[in-house]
Number of protein chains: 2
Amino acid sequence: MSLGNIDVTGDPRTAAERPVCTVLEALNRISGKWAIGILLNVSHGPARFTELERAVPGISRRMLTLTLRNLERDGLIARRVYATVPPKVEYRATDMAVELYGSLTALTQWADRHREAIAGSREAYDREHGLPAGAVD
Amino acid sequence: MSLGNIDVTGDPRTAAERPVCTVLEALNRISGKWAIGILLNVSHGPARFTELERAVPGISRRMLTLTLRNLERDGLIARRVYATVPPKVEYRATDMAVELYGSLTALTQWADRHREAIAGSREAYDREHGLPAGAVD
DNA sequence: CAGAATCCTTGGAGATACTG
DNA sequence: CAGTATCTCCAAGGATTCTG
């Protein structure tokens, strides 16, 4: 299936196949409700577990742990344990994560530019079609 | 890229508060398993329902419909019905969606650059810690 | 052709309690 | 302090069937 082509990297695969996976790969690392919030917080500098728990409003201890583990596994966060008592664990963003955050800038700007248009589109849509309880967010 | 502060828009809010929401807003519009694949396909030009069904491998009719509706509601996809028989419906990406796709380029490139590093990090992580069936993807 | 309706499964996430 | 361990819930998604 080759309708047109969108080649941004000089990759031989067709546009219908390549970027999907690649973009999805990227998105999968920052998917979930909390990854971005955590990533953003540690990008300021190292942060401890409890610091993050307070810095990311609404996160549960469990999800903080799980998300940190996944980010660590992907190499986006580095975990450093100090063998003190009481224990002290610091999390920091890796260079890769800092780069990632930079790459999100374009997305952030896009959202900023179109926030109103999107809100308007939704209102219009919900007005035409009824809003049958499918209108979350 | 300087840690400490990440100000890309001149927004007064602190980095810990503002971009989270904005980025999440953007991500929420393209979340879900299928939005990107659909968006990418219609970005080549208008596509019909059944075309998309075949173009996006693995998608169910139900999820295609649902995702299309959500994208339409957000103003990322335009739906055009031709009153013919049999019916014909065309979907095309709006300008906003095309812009969005452009903004994803940075992300795509990031994923390309770090694909190996991430895979390596995962292997290493799974080797040190056991891989307790939590190692999907 | 382009869907709508229905039923069912799954895993992401919340709440709570316990621990090295 | 920095986690684990369970239990539970819900919405995303899959499978199947029906229709203008």
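Excluded from the calculations below are hydrogen atoms, water molecules and symmetry mates; all remaining heavy atoms, backbone and side chain alike, are included. Below, read A as the first sequence line, B as the second, and so on, with proteins coming before strands; counting in each chain starts at 1.
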Student: Please state whether the phosphate of C:dA2, meaning OP1 or OP2, lies under 4.0 angstrom from any side-chain nitrogen or oxygen of B:Arg69.
Tutor: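 Answer is no, no contact under 4.0 Å.
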
Student: Could you tell me how far apart B:Leu64 (CG) and D:dG13 (P) are, to the nearest whole angstrom?
Tutor: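 About 13 Å, once rounded to whole Å.
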
Student: Which listed nucleotide (D:dA2, C:dC1, D:dG14) is nearest to the side chain of B:Met63?
Tutor: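 Nearest to the side-chain atoms of B:Met63, counting from C-beta on, is D:dG14.
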
Student: Are any side-chain N or O atoms of A:Thr65 and backbone N or O atoms of A:Arg61, one a donor and one an acceptor, separated by less than 3.5 Å?
Tutor: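 Checked: pair present.
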
Student: Would you indicate, yes or no, if C:dC1 has its OP1 or OP2 atom less than 4.0 angstrom from a side-chain nitrogen or oxygen of B:Tyr91?
Tutor: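 No, no such contact exists.
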
Student: What's the angle between the local helix axes at either end of the helix from C:dC1-D:dG20 to C:dG20-D:dC1, using five pairs per end and rounding to 10 degrees?
Tutor: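 Angle reported: 50°, given to the nearest ten degrees.
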
Student: Could you work out which one of C:dA2, D:dA2, D:dG3 sits closest to the side chain of A:Arg48?
Tutor: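 Nearest nucleotide to the side chain: D:dA2.
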
Student: Who are the salt bridge (Lys or Arg N to Asp or Glu O under 4.0 Å) partners of A:Arg62, not counting sequence neighbours?
Tutor: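 Salt bridge (Lys or Arg N to Asp or Glu O under 4.0 Å) list for A:Arg62, sorted by chain: empty.
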
Student: Sequence neighbours excluded, which residues qualify as ring-ring contact (aromatic ring centres under 6.0 Å, His included) partners of A:Tyr125?
Tutor: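 Per chain and number, A:Tyr125 pairs via ring-ring contact (aromatic ring centres under 6.0 Å, His included) with A:His129.
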
Student: Does D:dA2 have its OP1 or OP2 closer than 4.0 Å to a side-chain nitrogen or oxygen of A:Arg54?
Tutor: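 No, because none of the side-chain N or O atoms of A:Arg54 sits under 4.0 Å from OP1 or OP2 of D:dA2.
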
Student: Are any side-chain N or O atoms of B:Ser121 and backbone N or O atoms of B:Ile118, one a donor and one an acceptor, separated by less than 3.5 Å?
Tutor: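 No; judged by distance alone, with no hydrogens or angles, the pair does not exist.
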
Student: Can you measure from CZ (B:Arg122) to CZ (A:Arg29) and round to the nearest 0.5 angstrom?
Tutor: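 If I round to the nearest 0.5 Å, the distance is 4.5 Å.
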
Student: Grab the NZ-C1' distance between A:Lys33 and C:dG11 for me, whole Å please.
Tutor: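 So the NZ-C1' distance, A:Lys33 to C:dG11, works out to 15 Å.
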
Student: From D:dA2, C:dG3, C:dG14, pick the nucleotide closest to the side chain of A:Trp34?
Tutor: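 Of D:dA2, C:dG3, C:dG14, C:dG14 is nearest to the side chain of A:Trp34.
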
Student: Output the rounded distance in Å from CG (B:Leu66) to P (D:dA12).
Tutor: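 Going from B:Leu66 (CG) to D:dA12 (P), I get 9 Å.
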
Student: Expressed as a whole number of angstroms, how long is the span from A:Glu53:CD to C:dG14:C1'?
Tutor: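 Answer to the nearest Å: 14 Å.
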
Student: How would nucleotides 15-20 of chain C be written as a contact map, 5' to 3', with B for base contact, S for sugar-phosphate-only contact and - for no contact, using protein heavy atoms under 4.0 Å?
Tutor: B----B

Student: For residues A:Thr22 and B:Thr108, report the shortest heavy-atom separation together with the two atoms involved.
Tutor: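 The answer is CG2-O, 3.3 Å.
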
Student: Find the distance B:Ile38:CD1 to C:dA2:C1' and express it as a whole number of Å.
Tutor: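 Answer to the nearest Å: 14 Å.
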
Student: Please give me the minimum heavy-atom distance between A:Met96 and A:Leu76, naming the atom from each residue.
Tutor: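 Nearest pair, atom of A:Met96 first, then A:Leu76: CE-CD2, 3.9 Å.
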
Student: What is the distance, rounded to the nearest whole Å, between atom CG of B:Asn28 and atom C1' of D:dA11?
Tutor: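 After rounding, the reported distance stands at 14 Å.
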
Student: A:Glu51: what forms a salt bridge (Lys or Arg N to Asp or Glu O under 4.0 Å) with it, not counting sequence neighbours?
Tutor: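 In terms of salt bridge (Lys or Arg N to Asp or Glu O under 4.0 Å), with neighbours along the sequence ignored, A:Glu51 is linked to no residue.
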
Student: Tell me: CD1 of A:Ile59 to P of C:dG14, nearest whole Å?
Tutor: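 The answer, rounded to whole Å, is 8 Å.
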
Student: Which one of B:Arg48, B:Lys88, B:Glu90 satisfies the side chain to side chain donor-acceptor pair (under 3.5 Å) criterion with B:Tyr82?
Tutor: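 Running side chain to side chain donor-acceptor pair (under 3.5 Å) over B:Arg48, B:Lys88, B:Glu90 with B:Tyr82 returns exactly one hit, B:Glu90.
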
Student: What is the distance, rounded to the nearest whole Å, between atom CD of A:Glu72 and atom C1' of D:dA2?
Tutor: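 Rounded to whole Å, this separation is 14 Å.
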
Student: Give a yes/no answer on whether the side chain of B:Thr50 brings an N or O atom under 4.0 Å of OP1 or OP2 in C:dA2.
Tutor: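 Affirmative; the distance criterion is met.
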
Student: For B:Arg79, give me all partners under salt bridge (Lys or Arg N to Asp or Glu O under 4.0 Å), at least two apart in sequence or on another chain.
Tutor: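 Salt bridge (Lys or Arg N to Asp or Glu O under 4.0 Å) check on B:Arg79 returns nothing, list empty.
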
